[in-house]
Amino acid sequence: MVQSTSDGHALFARFDTRARRLANDPRYAIQIGVAVPLRAPDSHGLPNWQEIGQLEAFEDALIKKVAKKAVLVGVITTNGMREFVLYTGSGDWIPGFHEDLKATLPTHQVQVVAQTDPSWSVYHQFVK
């Protein structure tokens with residue numbers, strides 16, 4: 001667990017250090033960011049207890065939805081946002097995945113972006 005600040009806001013991040021072994025594997029060269037803006041962040045930009053429960057259930061569902069397609073390597077919470085960081089090898093399934101996630105958490109505006117990141121630069125910002 002990393003605790004820090006970003007632009008004056010509290011930042012909490014947890015990353016799976018075991019995923020490091022996949023970092024140079026070309027089967028995982030696409031980084032996916034699933035961002036969930038918080039509905040009622042506290043004064044530090046962090047979720048309240050009710051929202052924490054929703055986000056935990058969402059994370060469990062996300063992990064099931066990406067099974068055998070991608071690996072969840074980290075979760076970042078800061079400035080009124082929770083972001084799930086994943087890596088995959090193909091992007092053809094991502095639009096449908098985005099729609100599935102929006103249906104999983106209809107109370108929030110779930111956002112999904114993907115980019116080529118063969119060096120795992122997002123991951124290595126948090127795992128050295």
Side-chain angles (χ1 to χ4, degrees):
M1 173 78 94
V2 174
Q3 183 176 346
S4 184
T5 59
S6 175
D7 297 328
H9 298 278
L11 180 145
F12 291 90
R14 57 184 157 82
F15 276 77
D16 186 348
T17 57
R18 297 169 301 168
R20 184 182 292 126
R21 62 186 167 77
L22 302 173
N24 292 320
D25 189 328
R27 294 176 298 168
Y28 297 97
I30 299 170
Q31 186 264 325
I32 302 170
V34 176
V36 180
L38 304 178
R39 294 182 51 83
D42 67 15
S43 61
H44 302 287
L46 302 174
N48 62 39
W49 286 110
Q50 178 184 359
E51 205 162 23
I52 286 173
Q54 291 174 315
L55 293 167
E56 287 173 349
F58 178 78
E59 183 175 341
D60 290 343
L62 181 149
I63 290 168
K64 289 178 184 168
K65 290 179 187 306
V66 301
K68 301 187 190 272
K69 294 179 194 160
V71 59
L72 175 67
V73 299
V75 180
I76 305 163
T77 306
T78 189
N79 196 17
M81 182 82 65
R82 172 147 311 166
E83 182 173 354
F84 301 88
V85 180
L86 304 97
Y87 282 89
T88 188
S90 71
D92 58 332
W93 58 276
I94 296 171
F97 170 64
H98 186 194
E99 293 305 315
D100 286 348
L101 291 179
K102 289 193 301 188
T104 301
L105 193 62
T107 55
H108 291 71
Q109 294 182 353
V110 178
Q111 304 162 13
V112 175
V113 296
Q115 65 180 351
T116 303
D117 184 17
S119 65
W120 282 39
S121 62
V122 174
Y123 179 80
H124 289 299
Q125 288 177 27
F126 293 91
V127 178
K128 305 295 180 199

Requested in this report: With side-chain contact (heavy atoms from CB on, under 4.5 Å) as the test, would you mind laying out the steps for I30 and D117 before giving the verdict?
Outcome: CA-CA 5 Å; I30 299 170; D117 184 17; over 6 Å; no

Report task. Apply side-chain contact (heavy atoms from CB on, under 4.5 Å) to the pair I52 and E56, showing each step before the final yes or no. Result -> CA-CA 6 Å; I52 286 173; E56 287 173 349; 3.6 Å; yes

Out of curiosity, does [Y] fall in the hydrophobic cluster containing [X] (side-chain heavy atoms, cut-off under 4.5 Å, transitive links)?
X: F58; Y: L86; value: yes
X: L11; Y: V73; value: yes
X: V71; Y: V66; value: no
X: L46; Y: V36; value: no
X: W93; Y: L72; value: yes

Query raised in the report: Is any side-chain heavy atom of F84 closer than 4.5 Å to a side-chain heavy atom of I76?
Result: no

Query raised in the report: Do V112 and I94 come within less than 4.5 Å of each other through their side chains, counting heavy atoms only?
Result: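 V112 vs I94: side chains touch.
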
Query raised in the report: Any side-chain donor-acceptor pair under 3.5 Å between H108 and E51?
Result: yes

Requested in this report: Please assess V75 against V85 for the test side-chain contact (heavy atoms from CB on, under 4.5 Å), listing each intermediate value before the final yes or no.
Outcome: CA-CA 6 Å; V75 180; V85 180; over 6 Å; no

Could you tell me which non-hydrogen atom of [X] sits nearest to which non-hydrogen atom of [Y], and how far apart they are?
X: K65; Y: T104; value: CE-OG1, 3.0 Å
X: Q31; Y: E83; value: NE2-OE2, 4.3 Å
X: S90; Y: T88; value: O-CG2, 3.3 Å
X: P47; Y: L38; value: N-CD1, 3.5 Å
X: R20; Y: Y123; value: N-OH, 3.2 Å
X: Y28; Y: L22; value: CE1-CD2, 4.0 Å

Query raised in the report: Relative to the ring of W120, is the ring of Y87 parallel (under 30°), tilted (30 to 60°) or perpendicular (over 60°)?
Result: parallel

Query - Salt bridge R14-E59, side-chain N to carboxylate O under 4.0 Å - result: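 Yes, this pair counts.
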
Calculate, to the nearest 0.5 Å, the distance between atoms [atom1] and [atom2] belonging to [X] and [Y] respectively.
X: L62; Y: I32; atom1: CG; atom2: CD1; result: 9.0 Å
X: K128; Y: F15; atom1: NZ; atom2: CZ; result: 10.5 Å
X: D16; Y: R21; atom1: CG; atom2: CZ; result: 8.0 Å
X: R39; Y: L55; atom1: CZ; atom2: CG; result: 11.5 Å

Counting only heavy atoms not in [X], do more than 12 sit closer than 6.0 Å to its [atom1] atom?
X: Q115; atom1: CD; value: yes
X: K68; atom1: NZ; value: no
X: D60; atom1: CG; value: yes

Query - Any donor-acceptor N/O pair, R82 side chain to A35 backbone, under 3.5 Å - result: no

